[in-house]
Structure formats: C-alpha cells, structure tokens
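As structure tokens, the structure follows; a few thoughts come after it.
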Amino acid sequence: MATVRRRILALALVLLLCAPAPATTADDALVVLSWGGAYERAQREALFEPFTARTGIPVEVQRYDGGLEALRRAVADGEVPWDLIDMTRSDAMAACEEGLLAPLPPDLAAPAPDGTPPARDFLPDAIGRCALTHTVFATVVAYRPEAFPGRRPTAIADLFDQQRFPGPRALQRTPAVNLEWALRSYGVPREELYRLLSTPRGLRLALGRLAELEAIHWWEAGDTPARLLVEGRVVMASGYNGRFFDAMLRDDAPIEILWDGQVQEHEAWAVPRGAARPEAARDLIRFATTTERLAELARRIPYGPARDSAALQVTTHPDTGLDMRLHIPTHPLNAAGAIVKDEDWYAHTQSRLDDYFEAWLATDGCRISLNEPCPSP
C-alpha cells in the first residue's frame, strides 16, 4: 500500500510540473494599437510572440486606422487605453508637438550586433523625441492585369487614364498620396510636389485631376483595397505594398503591383502620454527594433527595416522561400520612381488638409464616389 501511495504522489507531482502556467488575465496584457491584417499577423510572429516568450508579458493588439482624433480624446479625458501605438512618422511628429506622446529616452534603441551605435545604424532622423522609426513602407497602386488585355499600366499617370485603362478605382480616403499622384500625372517633378501643394493652385490642380475619375471607391481599412480587387469591384486600387504582396502570396490574388509613383513613408513606435505601462512599452520598442527582430519582420511582410544592419539580414520568406529583398519598396528595382513623403510638411498641414479634403468630398468628390455616403461638411 505504501508503494502505491508513493506512486500516486509521484504521478501527482509529475502532473503538477507538466501543467501549463495559470492563464494570464487581460489586465496583464500590454495593449498595442496596430494596423490589423497581414501586417499584424507578421508582427505577432516576428515581434509580439517572441517578446512574450522572453518577458512573460502578453501583448493585446487593437485595430488602428491612423489619425490622431482618438488619441486626442483619450489624453484629454485622462483615460488612455493603449500602452503603445504603431503610427506613421508624420502622425507621430504632429502628436509629439501637441503633447500627446511621452518622450522617449535617446538611448532606447539597441546597438547593432557588431556594436554599431543606433545613431549610425538607423536611417537619418529615425530616432525622434517621441517616436522611433522601425520600417519603411509604401503606398502603391495594384491592378487586375486581365482588365487591360494587351497592355499594362507602367506609370502612375495611368491611374487617371480611364480611356486606356477603363474601370473603377479604389483610393484611400485621405488627401495624402492621392494629391501627390494627381500632380505627378501632370508631369510635376517629384521635388516640386510639396512646394506646389502648398499653394491654392496646386491643390486645385490635384483635386481637379481626382475629380476627372468617373468612379472612385474610397477605402479606410488597409485590407479593403486588395479585397476589392480580388472581388473585381475595381480594376485599380491604392494600398500598402505589404498587403498586396500578402494577397498575392497567400491567396494567389490575380493582381500586380505598379511601383512607379510609390510613396514611401516611415512607420514608428510611440508611447501615448498617460499610458498605464510605459516601462513595458519601452521594453517592447527596444526588443522590436533590434536588428534580428526587424529582419524577421521583413521576412514576413516586405517593409524595409529602418536600420542598415537589419536590411542586410533580410533573407527569404519563412513559408515560401521567396527572396523578400526583391519586394521591399527601397529595393533599387522598385524605387526608381519613388516619392518620399514629406513627413514634416504633413505633420504641420495634415489637420487642415483633411478638413479641406473632406469638404471637397462633400461636394465634387462626393458626386464621383461609389458606395460611400456623402459626409457632412
């Protein structure tokens, strides 16, 4: 009998040691605002799950579609529900100036594996007062090749040429990128875009070009344009290069990317002022911007790492073996016609520009829009 009891006790001990750790409650999670879809999936695999495995801190991701309105309200109310935000650098710059973000320590980023200091390894101006740039993405045009038998769009001006390339378009409901493309369609040099957009004449020219399009479906969530293309509801759509790539890779979507006119932009980590767990948020930023983690992220979604040491380590997609370097916006084969978004210009004009654009949508823009209600002026 004593032997049996010893065996039972030994078995109980084994079961106890093998049992999973108690489930962590949602209250323990670090809450991150990010962009959903394929991008969030890549972040989970390359950043969040390894961070949790190393620190024991779970990460809860909530959906973000850009902009500052929700952040302004949360900070004003003193109830900030997020610990970390993955935001465009232009939004981060504007939010920093408004006092909506907590300053980051200048030595937050880790050095490169060979000891190169972050200031020499990251892109110029990547290390900001309130935000740390981690990747470079691009807004591009994708299209359905079978919609244009015998020809292919080769220049961004083709987006506006519905005689040669007929069919409805999907464009992001924001002035950014659309205005640059509209002016490029007139032949305005890239280096002149923001000077001209700073004038009433430039804005009129750009919006006039947009108004010439017969049908536009305005989108807001990043996964919408690829879906609209796959469903055949539009034949050309603007969108994030990583989302289009993912649709082509995972869903065999019948679409191709037009790289001419791609608008490159920086994505950055920022801690909102009043966040409940700023120290853990900074730990995640430091972890997620190491050379190794940025390279792993770029292996899953083709956004260019913001530090040289990581860009050199990007290799193949972990599931398909595809060489991911060829699909990153900054690769020389893709970057020949690139527009680099003037983030400082947008940080100082975005709010007024958004109001102007929405007012336009409420009049002429609304008239040409598909499937979207007209906003109130």
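Computed from heavy atoms alone, side chains included, the values below leave out hydrogens, waters and symmetry copies. The structure presented is a predicted model; accordingly, all values stated were derived computationally and were not measured.
Salt-bridge annotation for Arg41 and Glu45: absent, with no side-chain N of the basic residue lying under 4.0 Å from a carboxylate O of the acidic one. For the pair Arg190 and Glu180, the salt-bridge criterion is not met [side-chain N within less than 4.0 Å of a carboxylate O]. With respect to Arg243 and Asp223, no salt bridge is recorded, no charged nitrogen being found less than 4.0 Å from a carboxylate O. The pair Asp121-Arg307 counts as a salt bridge, with a side-chain nitrogen and a carboxylate oxygen less than 4.0 angstrom apart. Between Glu231 and Arg227 there is a salt bridge, since at least one side-chain N of the basic residue sits less than 4.0 Å from a carboxylate O of the acidic one. A salt bridge links Glu192 to Arg195: at least one charged side-chain nitrogen sits closer than 4.0 Å to a carboxylate oxygen.
With hydrogens and angles left out, the side-chain atoms of Ser90 and Trp345 include no donor and acceptor closer than 3.5 Å. The closest side-chain donor-acceptor pair between Asp86 and Tyr39 falls under 3.5 angstrom.
For Val75, the side chain to side chain contact (heavy atoms under 4.5 Å, CB included) test picks out Leu71, Val80, Leu100, with sequence neighbours left out. Remark: Phe160 engages no residue in a ring pair (Phe, Tyr, Trp, His ring centres under 6.0 Å) (not counting sequence neighbours). Residues passing the ring pair (Phe, Tyr, Trp, His ring centres under 6.0 Å) test with Trp269 are His134, sequence neighbours excluded.
Leu210 and Leu196 fall within the same hydrophobic cluster, defined by Ile, Leu, Val, Met, Phe, Trp and Tyr side-chain heavy atoms under 4.5 Å apart, directly or through other members. By the criterion of side-chain heavy atoms lying less than 4.5 angstrom apart, applied directly or through intervening Ile, Leu, Val, Met, Phe, Trp or Tyr residues, Leu258 is grouped together with Leu171 in one hydrophobic cluster. In this structure, Leu159 is a member of the same hydrophobic cluster as Trp218, with clusters built from ILVMFWY side-chain heavy atoms closer than 4.5 Å.
Looking at Arg273, its side chain does come within 3.5 Å of a backbone N or O of Leu101 through a donor-acceptor pair. In this structure a side-chain-to-backbone donor-acceptor pair under 3.5 Å is present from Thr52 to Phe48.
The ring-ring contact (aromatic ring centres under 6.0 Å, His included) pairs that include a residue from residues 306-336 are Phe245-His327, where partners are two or more places apart or lie in different chains. Within the structure, every pair that satisfies the side-chain hydrogen bond (donor to acceptor under 3.5 Å, both in side chains) test and touches residues 62-71, not counting sequence neighbours, is listed here: Glu60-Gln62, Gln62-Trp82, Arg63-Asp65, Glu69-Arg72.
Of all the heavy atoms in Arg169 and Pro166, the pair that sits closest is NH1-C, 3.8 Å.
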* To do: Show the numbers, then the answer: is there a side chain to side chain donor-acceptor pair (under 3.5 Å) between Ser238 and Trp219?
  => CA-CA 9 Å; Ser238 67; Trp219 61 265; 3.2 Å; yes
* Passes side-chain contact (heavy atoms from CB on, under 4.5 Å), Glu97 versus His348? Steps please. -> CA-CA 9 Å; Glu97 287 197 8; His348 292 90; 3.1 Å; yes
* Assess whether side-chain contact (heavy atoms from CB on, under 4.5 Å) is satisfied between Val61 and Val59, documenting all intermediate values. => CA-CA 6 Å; Val61 184; Val59 175; 4.2 Å; yes
Which pairs of donor and acceptor atoms, one on a side chain in residues 137-149, lie under 3.5 Å apart (sequence neighbours left out)?
unit_1	atom_1	unit_2	atom_2	d
Tyr143	OH	Glu256	OE1	2.9
Arg144	NE	Glu146	OE2	2.7
Arg144	NH1	Leu229	O	2.5
Arg144	NH1	Val230	O	3.3
Arg144	NH2	Glu146	OE2	2.5

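The aromatic rings of Phe51 and Phe287 sit tilted relative to each other, their planes meeting at an angle between 30° and 60°.
When each of Gln43, Glu40, Arg44 is checked for a side-chain hydrogen bond (donor to acceptor under 3.5 Å, both in side chains) with Ser34, only Gln43 meets the rule.
Using a 4.5 Å heavy-atom cutoff, the side chains of Arg277 and Ile57 are in contact.
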